[in-house]
Each structure stands twice: as structure tokens, then as C-alpha cells.
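I have placed the structure first, in the form of C-alpha cells, so that the comments after it can refer back to it.
Throughout, residue positions are numbered sequentially from 1 according to the sequence presented. For the numbers below, each heavy atom of this structure counts, side chains included, while hydrogens, waters and symmetry mates do not.
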Amino acid sequence: MKKMTPLIVLAFLLGCFACSAAALGESGTSLQSGESGTSGEPLAVTDLYRTFKEDPQAVDAYGRSRIAVTGIVLRTGPDRHGTPSVELSAVPGGKAYALCVVNSYEQLDAIGIGETVTMSGVFHIFGSDDWVVLKQCEQL
């Protein structure tokens with residue numbers, strides 16, 4: 001019986017993982033194949049982040065796709081490359097999960113720190129700064 005216990009535990013854990021993965025896919029909180037993010041509901045910034053953090057193949061599957069994301073504005077202004085950007089989090093003052101690069105500084109005038117906004121942009125990279133980078137962003 002002692003030799004069977006690890007196998008039973010392993011089977012139980014695999015079953016739990018399969019159920020969790022299926023529930024996540026059905027809940028609509030992660031990117032689905034072919035989803036652009038702008039025709040359906042916007043993704044929460046944490047769901048967008050988790051999709052690319054947990055599945056490295058998502059970068060290839062959704063590269064250059066337009067994605068809509070909703071989050072709380074942490075910061076607006078130039079990013080480290082000097083381009084006008086918006087950092088999005090799930091909570092005020094929290095971790096930034098997405099960097100949305102906009103086309104001009106004038107676009108930033110309509111976006112306030114602490115506001116909940118929905119941005120639409122083209123997926124660029126899951127950056128080494130541990131966030132999703134969207135380019136050509138606009139506020140919806």
C-alpha cells in the first residue's frame with residue numbers, strides 16, 4: 001500500500017490540474033486561439049500577464065495580434081526608451097503587468113493616474129522587465 005500512495009497522490013494532483021486548466025479556458029479569462037482582444041471583452045491586466053508568463057508559446061501564437069486590456073494606471077510618461085507609455089496594474093500602487101506604448105504624448109493627457117482604463121494595442125513582447133508590452137496603443 002505504501003508504494004501505491006505516491007501514485008495515487010500524483011493522479012489526484014494531475015486531475016486537479018486538468019480541471020483547473022479546463023475551468024480557466026472556459027471562463028474566458030485567458031487568450032483563446034485566434035482572439036484579437038478587441039472584438040470580445042477586454043482582458044484584465046493580470047489575465048493578460050498570466051497568459052504570457054505561464055505559456056511561452058503564447059508569444060508565438062499571439063504575436064502581432066491586437067489585444068484589449070483593462071487595468072489601473074500606475075504611471076504615464078516616457079518609458080526607458082523615451083516613448084510615451086502607460087503602465088497598467090491590477091491595484092493602485094501595485095505591480096505593473098503591462099506597458100502600453102502610445103503614439104504621442106498628447107494621448108497621455110486624457111489618461112490619469114489611478115484611473116481604470118481599457119487600452120487596445122498590438123502585442124510586442126513579454127519583456128525582460130516581467131510585463132507584457134503592447135505598442136500602437138489607444139484608449140478605448
Verdict with reasoning, Val102 to Lys135, per side-chain contact (heavy atoms from CB on, under 4.5 Å): CA-CA 7 Å; Val102 297; Lys135 291 200 170 186; over 6 Å; no
Can you check side-chain contact (heavy atoms from CB on, under 4.5 Å) on Val132 and Leu99, steps first, answer last? CA-CA 6 Å; Val132 178; Leu99 177 73; over 6 Å; no
Between Gly93 and Leu74, what is the shortest heavy-atom contact and its length? N-CD2, 3.4 Å
Quick check: is Val122 connected to Leu48 through a chain of hydrophobic side chains (ILVMFWY, heavy atoms under 4.5 Å apart)? no
At their closest point, which heavy atom of Tyr105 faces which heavy atom of Gly82, and how far apart are they? OH-O, 2.8 Å
CD (Glu87) and NZ (Lys95) are apart, to the nearest 0.5 Å, by 10.0 Å
In short, Ala68 meets Thr118 closest at the heavy-atom pair CB-CG2, 4.5 Å
What is the distance from atom CD of Glu138 to atom CE of Met119, rounded to the nearest 0.5 Å? 8.0 Å
Contact summary for Cys137 and Gly121, nearest pair of heavy atoms: SG-CA, 3.7 Å
CD1 (Ile67) and OG (Ser120) are apart, to the nearest 0.5 Å, by 9.0 Å
Exercise: identify the closest heavy-atom pair between Leu134 and Val69: CD1-CG1, 3.8 Å
Does Glu115 reach the main-chain N or O of Gly112 with its side chain, forming a donor-acceptor pair under 3.5 Å? yes
Within the distance-only criterion (no hydrogens, no angle test), does the side chain of Arg75 pair as donor or acceptor with the backbone N or O of Val86 below 3.5 angstrom? no
Between the side chain of Asp55 and the main-chain N/O of Gln57, is any donor-acceptor distance below 3.5 Å? yes
At their closest point, which heavy atom of Pro42 faces which heavy atom of Thr70, and how far apart are they? CB-OG1, 3.5 Å
In terms of relative ring orientation, are Tyr49 and Phe126 parallel, tilted or perpendicular, with 30° and 60° separating the classes? tilted
Do Phe123 and Val101 sit in the same hydrophobic cluster, where Ile, Leu, Val, Met, Phe, Trp and Tyr count as joined when their side-chain heavy atoms come under 4.5 Å apart? no
State, yes or no, whether a side-chain contact exists between Ile125 and Val59 at a heavy-atom distance under 4.5 Å. no
Taking side chain as C-beta onward, heavy atoms only, is His124 less than 4.5 Å from Gln136? no
Do Ser85 side-chain atoms and Thr83 backbone N/O form a donor-acceptor pair below 3.5 Å? yes
Are side-chain N/O atoms of Tyr97 and Asp130 paired as donor and acceptor at under 3.5 Å? no
Report whether Ile72 and Leu108 are members of the same hydrophobic cluster (ILVMFWY, side-chain heavy atoms less than 4.5 Å apart, transitive linking). no
